[in-house]
Undergrad: 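My structure is below; once you've seen it, I'll send some questions.
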Amino acid sequence: MSDSSHGNTPAAWSAVTVAMLGFVVGAVGLLLDPVSMTIFWVGVGLGVASLVVFAVMAKLGFHESGH
C-alpha cells in the first residue's frame, strides 16, 4: 500500500465538515413548511465555502502528509 494521506489531513477534514454542515442546513431549509429558500441558499453557500476553506488551508500547509 502506498504512503499517501488520501485526504487524512486537517484541510480535508475541515472542508468535509463545512460541506456536511452545508448539506444539513440546505436540507433543513427544504424540509421546513413552507420551504425556506433563504436557508437553502445559506446551505449552498456553506458548500461553496468548504472549497474556499480547503484551498486556504492547503496553501497554509495543512494538506501535507505527516510522513
Undergrad: Looking at T9 and H63, what are the two nearest heavy atoms and their distance?
TA: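 Shortest heavy-atom contact: OG1-ND1, 2.9 Å.
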
Undergrad: Decide whether V52 and F62 are clustered together by the hydrophobic rule: side chain heavy atoms of Ile, Leu, Val, Met, Phe, Trp, Tyr closer than 4.5 Å, transitively.
TA: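 Yes; tracing contacts between hydrophobic side chains, which count when under 4.5 Å, links both residues.
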
Undergrad: Which donor-acceptor pairs under 3.5 Å do side chains of residues 11-24 form with protein atoms, sequence neighbours excluded?
TA:
residue, atom, partner, partner atom, Å
S14, OG, P10, O, 2.8
T17, OG1, W13, O, 2.8

Undergrad: Would you say that V44 contacts W41 through its side chain, given a criterion of any heavy-atom pair below 4.5 Å between the two side chains?
TA: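 Yes - at least one pair of side-chain heavy atoms lies under 4.5 Å apart.
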
Undergrad: Can you list everything that forms a side chain to side chain contact (heavy atoms under 4.5 Å, CB included) with L30? Sequence neighbours excluded, please.
TA: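 Checked L30 against side chain to side chain contact (heavy atoms under 4.5 Å, CB included); matches are V35, M37, F40.
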
Undergrad: Report whether V53 and L60 are members of the same hydrophobic cluster (ILVMFWY, side-chain heavy atoms less than 4.5 Å apart, transitive linking).
TA: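 Yes; tracing contacts between hydrophobic side chains, which count when under 4.5 Å, links both residues.
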
Undergrad: For the CD1 atom of I39 and the CG atom of L31, what is their distance to the nearest 0.5 Å?
TA: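 I39 atom CD1 to L31 atom CG measures 11.0 Å (nearest 0.5 Å).
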
